[in-house]
Enquirer: 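Attaching a single structure in structure tokens format; questions to follow.
When reading the values below, keep in mind they use all heavy atoms of this one structure, side chains included, and skip hydrogens, waters and symmetry mates. Since we're looking at a predicted model, the values are computed, not measured. Order of listing sets the numbers, starting from 1, for every ligand and every atom in it.
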Amino acid sequence: MRVGGSDPIREAARLLVDRRNAVALTGAGISVESGIPSFRGAQGMWGKYDPMEYATLHAFMKSPRKVWEMLSEMVSVCGGAAPNAAHKGLAALEEMGVVRAVITQNVDGLHQAAGSRRVIEYHGNMEELLCVYCWKRYTTRERWAPGAVPLCDCGEVLKPNVVLFGDPIPWLAQEQAEEEARSCGTLVVIGTSAQVSPACDIPRIAKESGAAVVEINPEETSLSRNVTDIHLQGSASEVLRLLMEELSRGG
Ligand code: OAD
């Protein structure tokens, strides 16, 4: 915690109220309590699947069926998950006019399912599949089934509309995210290790543009010491619950 005062939750609530126009940047950690594993760390996806073999555009172009071993797990885990209290808390903060947008690196659609309206999907989503040869698009629901690899009418293996390593960030999402970062009063960074570029630049852009940075994460990250103003160390659902309580008391 780098802002004065002995109660970081109260300090964070005060920042949100005083500075207005808060934006949230979320990562896999916010969906852990919905049963979706994060990427790094002991139980993370990248402990099971080497991202260089399973999560690059190059790997997909070379061996799409192998990459679908990992993608199938993601589709079925995300498909069976429901928003948790943290997703719902962020949606409530948008409803209250405290948070104006959510930039998410997640592809699980849980912010929208919780009721958030302004969601910028920085790494795409799992809803859609596209053919990288003939550019035809399908919904995942219409083409994917457990244990099978989804195929295009042209016979090629379909790619989900998610950003793999080596894929560009969807240009509109990148523009919108940077604009939100440049103009927000507070950036609330939730559940990301901030190790993947260019998403990890968003907190720095916000900070350099004058925003306060509040981080919600049980662990320290590369942001915690140099970029974060207030680090609320705990699970996303618990910290957001305490923040909401504080805000309802008047911040
Ligand atoms: P990571 O797995 O790198 O980091 C998850 C973060 O969530 C860690 O810092 C944890 O400490 C934190 N965390 C765990 N449980 C939490 C909880 N209950 N509440 C709050 N925080 C919690 O996931 P990301 O930073 O999202 O990209 O990963 C970024 C990108 O790397 C992903 O979008 C994906 C991946 O490779 C691509 O595949 C392109």
Enquirer: Would you check whether Gly27 has a nitrogen or oxygen atom less than 3.5 angstrom from a nitrogen or oxygen atom of ligand 1?
Expert: no
Enquirer: Is any side-chain N of the basic residue among Arg117 and Glu95 closer than 4.0 Å to the acidic one's carboxylate O?
Expert: yes
Enquirer: Does Ile190 reach ligand 1 with a nitrogen or oxygen that is under 3.5 Å from one of the ligand's nitrogen or oxygen atoms?
Expert: no
Enquirer: Using a strict cut-off of less than 4.0 Å between a Lys/Arg side-chain nitrogen and an Asp/Glu carboxylate oxygen, indicate whether Glu53 and Lys66 qualify as a salt bridge.
Expert: yes
Enquirer: Among all protein heavy atoms, pick out the one at the shortest distance from atom 31 (O) of ligand 1; state its residue, atom name and that distance to 0.1 Å.
Expert: Arg40 NH1, 3.1 Å
Enquirer: What residue and atom, counting heavy atoms only, is the protein's closest point to atom 16 (C) of ligand 1, and at what distance?
Expert: Gly29 O, 3.4 Å
Enquirer: Could you list the atoms of ligand 1 found under 4.0 angstrom from a heavy atom of Phe165?
Expert: 36 (O)
Enquirer: What protein heavy atom is closest to atom 8 (C) of ligand 1, reported as residue, atom name and distance in Å?
Expert: Asn217 ND2, 3.8 Å
Enquirer: Testing the basics here: between Thr221 and Ser193, what is the closest heavy-atom pair and its distance to 0.1 Å?
Expert: CB-O, 3.9 Å
Enquirer: For the pair Ser72 (side chain) and Glu69 (backbone), establish whether a donor and an acceptor sit closer than 3.5 Å, ignoring hydrogens and angles.
Expert: no
Enquirer: Would you check if the side chain of Asn106 reaches a backbone N or O of Gly27 as a donor-acceptor pair within less than 3.5 Å?
Expert: yes
Enquirer: Nearest to atom 5 (C) of ligand 1, what protein heavy atom do you find, and at what distance?
Expert: Gly191 O, 3.6 Å
Enquirer: Quick check: Val32 and ligand 1, any N/O pair under 3.5 Å apart?
Expert: no
Enquirer: Can you see which heavy atom on Val77 is nearest to which on Gly35, and at what distance?
Expert: CG1-O, 3.8 Å
Enquirer: Check each heavy atom of Val196 against ligand 1 and say whether those closer than 4.0 Å belong to the side chain, the backbone, both or neither.
Expert: side chain
Enquirer: Does ligand 1 have an atom that lies less than 4.0 angstrom from a heavy atom of Pro218?
Expert: yes
Enquirer: Are any of the N/O atoms on Trp46, whether in the backbone or the side chain, positioned under 3.5 angstrom from an N/O atom of ligand 1?
Expert: yes
Enquirer: Going by distance only, is there an N or O of Asn106 that falls short of 3.5 Å from an N or O of ligand 1?
Expert: no
Enquirer: In the protein, which heavy atom is nearest to atom 25 (O) of ligand 1, and how far is it?
Expert: Thr192 OG1, 2.6 Å
Enquirer: Checking the side chain of Trp68 only, and the main-chain atoms of Leu158 only, is there a donor and an acceptor separated by less than 3.5 Å?
Expert: yes
Enquirer: Do Glu142 and Thr139 have side-chain N/O donor and acceptor atoms under 3.5 Å apart?
Expert: yes
Enquirer: Any sub-3.5 Å donor-acceptor pair from His231's side-chain atoms to Asn217's backbone N or O?
Expert: yes
Enquirer: Ser193 versus ligand 1: do any nitrogen or oxygen atoms come within less than 3.5 Å of each other?
Expert: yes
Enquirer: At what distance is the nearest protein heavy atom to atom 37 (C) of ligand 1, and which residue and atom is it?
Expert: Val163 O, 3.9 Å
Enquirer: Which of the atoms of ligand 1 are close to Glu219, meaning less than 4.0 Å from one of its heavy atoms?
Expert: 11 (O)
Enquirer: Within the structure, is a non-hydrogen atom of His123 found at a distance of less than 4.0 Å from ligand 1?
Expert: yes
Enquirer: Using the side chain to side chain contact (heavy atoms under 4.5 Å, CB included) definition, which of the options Asn21, Thr186, Val99 pairs with Leu16?
Expert: Thr186
Enquirer: When you compare the side chains of Asp108 and Ser31, does any donor N or O come within less than 3.5 Å of an acceptor on the partner?
Expert: yes
Enquirer: What atoms in ligand 1 come closer than 4.0 Å to a heavy atom of Ala236?
Expert: 17 (C), 19 (N), 20 (C)
Enquirer: Using 4.0 Å as the upper bound for N to carboxylate O, is an ion pair formed by Arg182 and Glu179?
Expert: yes
Enquirer: At a 4.0 Å threshold, what atoms of ligand 1 neighbour a non-hydrogen atom of Phe39?
Expert: 2 (O), 23 (O), 28 (O), 32 (C), 34 (C), 35 (C)
Enquirer: Give me the residue, atom name and distance of the protein heavy atom closest to atom 29 (C) of ligand 1.
Expert: Gln105 OE1, 3.2 Å
Enquirer: Of all the non-hydrogen atoms in the protein, which one sits nearest to atom 26 (O) of ligand 1, and at what distance?
Expert: Ala28 N, 2.8 Å
Enquirer: Among Trp46, Phe60, Tyr49, which residue meets the ring-ring contact (aromatic ring centres under 6.0 Å, His included) test with Tyr54?
Expert: Tyr49
Enquirer: Would you say Glu33 has any N or O atom under 3.5 Å from an N or O of ligand 1, going by distance alone?
Expert: yes
